[in-house]
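What's counted below: heavy atoms across the whole structure, side chains too, no hydrogens, waters or symmetry copies.
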Amino acid sequence: MQSLIPKIESQLSSLSVPVALQLPDGREVSQDGARVTLAFKDWAELAKLGRRQIGAIGEAYVEGRVQIEGAMRDLIDVAVGLLPGNPAETDTGWWSRLQRRAKSRGSHSLGKDAAQIEFHYDVSDDFYALWLDARRVYSCAYFRSADMTLAQAQEAKLDHICRKLMLKPGQRYLDIGSGWGALLIWAAEHYGVDATGITLSKNQHAHVQRLIEEKGLQGRVRVELRDYRQLDNAEPFDKISSVGMFEHVGSANMGTYFRKLHSLLVPGGLVMNHGITSGGLDYRQLGAGMGDFIEKYIFPGGELLHVTHVLRETAAAGLEMVDTENLRPHYARTLWAWSDTLESRLDEAREVLQRSGGRQGENAERILRAYRLYLAGSAMSFEQGWISLHQMLSTRPDGQVDARTLRGAQSEYPFVRDYIYSK
């Protein structure tokens, strides 16, 4: 193992952030002015650092085999410097693709999807409330201007989606994966729609039910604990949104998902798909073990597709893409806002998780460590372009070539963007 130390020292010397290493035998290897300290309990974990296995080091930290001290932003700069290359460029051979396809098919039954959503979103409402905005919007904000707070940018995002969908009073509106209800409530209060939301999270469902009652929105806003595949096609909706949800669908089910959207949408209607996409054309998760870390601790069953693949599935289902917008750096800033807030409230977060009982209480420290790495690491990934965020607006053409102001539109979409930005 002694030959490992010079190798690691050489790796650390090229970093922009000075690092100190505490070795398993008690010795310390330190750079002047070290801002991050990594303490290893055994040589096997240190060897993973030498092999630049960033995801494995993250797992060791979560499990308590490695201790980390220092600001999270500094730690992420260290991680970027230690990566062996672009983690978006992973194995794209036919056998790997076949294995991923088989895994995807086996990971997204109704029961498994419900369990995977519960694993993530039912950690603790109070825990999420510590670092999300007051509306608990758990998706990419829209910083219309640079001086916006996170709360303002989240409201701007909610309105941006509603304006893109051209919501109008009385229209039947569906929000698939409605979370803690921010978009559902915003659309009802500001645009007068008859709104239905669905979620697989019991905690989120109960929270939205309370909001509906507190705001007196019974009768025109409802939330159901239901999988998208269980929705009835008999009464299609005028407008549909899906925000931060299709990442959970699975690549093998993308065709089913978009065909379901098509069947749930009235001819001429609009559907907004807002979600995380991959930065590389042919990979499903980040390399260097980063994707494995997310799969194990944060989003079991989560899969990403490149935007071109998503749009291919959209078209194959009979939907016409009419507007696609990349919000990648907006999500980086959103995630850093979440990360900074959580870092400032670590003691509170630990106490909240410990009080939660069950899996959360027993594993409070592990969950907290995992989320610290997940939020900051995701911010880094969006900044670097390894993953992205797209809003994809599509229509279900109604076939009426002469029915609209602009001949051939075949939908409510005006084929100009002015309506989104001007009031």
Side-chain angles (χ1 to χ4, degrees), residues 137 139-140 142 155-179 181-199 208 212 217 219-224 226 228-229 231-246 249 257-275 310-311 314-315 317-325 327 390-400 403-406 409-423:
V137 186
S139 54
C140 175
Y142 182 55
E155 290 187 352
K157 185 271 297 294
L158 299 178
D159 209 56
H160 196 47
I161 291 174
C162 290
R163 291 174 67 80
K164 282 187 174 183
L165 284 170
M166 304 177 69
L167 296 183
K168 296 179 178 63
Q171 288 186 331
R172 298 186 70 248
Y173 163 62
L174 171 67
D175 188 25
I176 299 177
S178 52
L183 180 56
L184 196 68
I185 300 298
W186 184 274
E189 291 186 327
H190 292 81
Y191 290 84
V193 295
D194 181 90
T196 299
I198 63 169
T199 178
V208 179
I212 292 171
L217 293 171
R220 65 185 182 93
V221 180
R222 64 208 58 83
V223 62
E224 300 175 4
R226 188 184 301 273
Y228 72 95
R229 288 164 286 194
L231 286 168
D232 187 357
N233 300 339
E235 296 185 58
F237 294 84
D238 300 298
K239 307 291 171 61
I240 301 174
S241 63
S242 175
V243 179
M245 180 271 175
F246 91 118
V249 167
Y257 170 71
F258 282 108
R259 287 192 297 273
K260 186 64 175 181
L261 291 183
H262 182 277
S263 68
L264 290 168
L265 187 65
V266 300
L270 298 173
V271 56
M272 162 67 73
N273 197 70
H274 166 123
V310 178
L311 293 176
T314 302
L319 296 168
E320 180 183 13
M321 186 277 291
V322 291
D323 189 276
T324 295
E325 184 174 13
L327 298 181
H390 284 86
Q391 287 187 346
M392 292 159 278
L393 184 67
S394 302
T395 72
R396 177 181 173 179
D398 60 14
Q400 299 180 39
R404 310 287 175 172
T405 302
L406 190 62
Q410 301 187 54
S411 71
E412 190 177 347
Y413 184 71
F415 285 89
V416 293
R417 277 185 161 182
D418 299 15
Y419 78 98
I420 300 174
Y421 303 107
S422 59
K423 289 191 177 182

Rounded distance [0.5 Å steps], OG in S241 versus CG in L270: 11.5 Å
Look at the rings of Y419 and Y413 and say which category their plane angle falls in: under 30° parallel, 30 to 60° tilted, over 60° perpendicular. perpendicular
Side chains of H274 and C140, heavy atoms from C-beta outward: is any pair under 4.5 Å? yes
Output yes when a side-chain donor or acceptor of D194 lies under 3.5 Å from a complementary backbone atom of R172, and no otherwise. no
Main-chain N/O of A409 paired to R404 side chain as donor or acceptor, under 3.5 Å: no
Nearest 0.5 angstrom please: T395 OG1 to D323 CG, how far? 11.5 Å
Minimal heavy-atom distance between P414 and L406, with the atoms involved, is O-CD2, 4.0 Å
Minimum heavy-atom separation for K164 and L393, please, with both atom names. O-CD2, 3.6 Å
Side chain proximity check, L174 to L264, heavy atoms < 4.5 angstrom: yes
Going by heavy atoms in the side chains, are L231 and T196 under 4.5 Å from each other? no
Closest non-hydrogen contact found for T199 with S178 is CB-OG, 4.2 Å
Among residues at least two apart in sequence or on other chains, which ones pass ring pair (Phe, Tyr, Trp, His ring centres under 6.0 Å) with F258? none
To the nearest 0.5 angstrom, please state how far the CG atom of L184 sits from the CD atom of E189. 10.0 Å
Is a salt bridge present between D232 and R226, judged by a nitrogen-to-oxygen distance below 4.0 Å? no
Shortest non-hydrogen contact from A187 toward L167: CB-CD1, 3.7 Å
Under a 4.5 Å cut-off applied to non-hydrogen side-chain atoms, are L165 and I161 in contact? yes
Straight-line distance of C162 SG to H190 NE2, nearest 0.5 Å: 9.0 Å
Could you check whether any side-chain N or O of R396 sits under 3.5 Å from a backbone N or O of H262, counting only pairs where one atom can act as donor and the other as acceptor? yes
Evaluation steps, side chain to side chain contact (heavy atoms under 4.5 Å, CB included), between Q391 and Y142: CA-CA 11 Å; Q391 287 187 346; Y142 182 55; over 6 Å; no
E412 bridged to K168 by N-O distance under 4.0 Å: yes
Would L183 and V243 count as a side chain to side chain contact (heavy atoms under 4.5 Å, CB included) here? Give the steps. CA-CA 9 Å; L183 180 56; V243 179; 3.8 Å; yes
Please give me the minimum heavy-atom distance between V266 and D238, naming the atom from each residue. CG2-CA, 3.8 Å
Enter the distance from Q410:CD to D398:CG here, rounded to the nearest 0.5 Å. 6.5 Å
Would you give the length of the straight line joining atom CD1 of I176 to atom CE of M245, rounded to the nearest 0.5 angstrom? 6.5 Å
Before giving the answer on side chain to side chain contact (heavy atoms under 4.5 Å, CB included), spell out for H160 and I420 the whole-Å C-alpha distance, their side-chain angles and the decisive distance to 0.1 Å. CA-CA 7 Å; H160 196 47; I420 300 174; 3.6 Å; yes
Is any side-chain heavy atom of L311 less than 4.5 Å from a side-chain heavy atom of M392? yes
Just so I know, are the side chains of R220 and V193 near enough to count as touching, which here means a heavy-atom distance under 4.5 Å? no
Before you tell me yes or no, could you show the steps for K260 and R229 under side chain to side chain contact (heavy atoms under 4.5 Å, CB included), namely the whole-Å CA-CA distance, both residues' side-chain angles and the distance that decides it to 0.1 Å? CA-CA 7 Å; K260 186 64 175 181; R229 288 164 286 194; 5.6 Å; no
Side-chain contact test, heavy atoms from C-beta onward, threshold under 4.5 Å: evaluate it for V310 versus H390 and give yes or no. no
Partner set under ring pair (Phe, Tyr, Trp, His ring centres under 6.0 Å) for Y257, not counting sequence neighbours: Y228
Within the 4.5 Å heavy-atom criterion, are E320 and S411 side-chain neighbours or not? no
If every non-hydrogen atom of P236 is compared with every non-hydrogen atom of S263, which pair is closest and at what distance? CB-O, 4.1 Å
